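Residue indices begin at 1 and follow the sequence shown. Because the structure is predicted, anything quoted here is derived from the model rather than measured.
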Amino acid sequence: MAYWIKITYDRNTYVIDLDRVTAFCYLPNGRISFALLDGNTTVIVNQQNDPTGYQTILDYVEKRTGQTLP
């Protein structure tokens, strides 16, 4: 079952199926980044700009992997 999320990044709105993202990168400054399937777009989410999307991604990663991100 798909797990969809709506994120606004760089003046664009993306509706992303998190199940299709191959990797998430948690950066030391608290940002989360991931590449879209086209391979040309990297989305960066942080808690200040998109607190709902940020928390949704953290919850998704924890639910799928059992790992918590700091």
Legend entry - Identified side-chain contact (heavy atoms from CB on, under 4.5 Å) counterpart of I7 within the set V45, N49, N12, I44: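 With I7 as partner, side-chain contact (heavy atoms from CB on, under 4.5 Å) holds for just one option, V45.
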
Check whether any side-chain heavy atom of [X] sits under 4.5 Å from a side-chain heavy atom of [Y], and report yes or no.
X: T8; Y: D50; result: no
X: I16; Y: V21; result: yes
X: D19; Y: R64; result: yes

Inset, instruction - Among residues two or more places apart or on two chains, list those pairs meeting ring-ring contact (aromatic ring centres under 6.0 Å, His included) that have a residue in residues 10-38. - result: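 Counting only pairs at least two positions apart or across chains, the ring-ring contact (aromatic ring centres under 6.0 Å, His included) contacts touching residues 10-38 are F24-F34.
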
Legend entry - Transitive ILVMFWY cluster of V15, excluding itself - 4.5 Å side-chain cut-off: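 The other cluster members (ILVMFWY side chains, heavy atoms under 4.5 Å, direct or chained) are W4.
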
Legend entry - Residues N46, I32; criterion side-chain contact (heavy atoms from CB on, under 4.5 Å); working and verdict: CA-CA 6 Å; N46 65 40; I32 299 172; over 6 Å; no

Legend entry - Y54 side chain to Q48 backbone, donor-acceptor under 3.5 Å: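 No.
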
Inset, instruction - Taking all non-hydrogen atoms of both residues into account, name the closest pair between T42 and Y9 and its distance. - result: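 That closest heavy-atom pairing would be O-CE2, 3.3 Å.
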
Legend entry - By side-chain contact (heavy atoms from CB on, under 4.5 Å) - contacts of D59 (at least two apart):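 Only Q55 meet the side-chain contact (heavy atoms from CB on, under 4.5 Å) criterion with D59.
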
Inset, instruction - Say whether L37 and V43 are linked into one hydrophobic cluster, either directly or through other cluster members, by side-chain heavy-atom distances under 4.5 angstrom. - result: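 No.
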
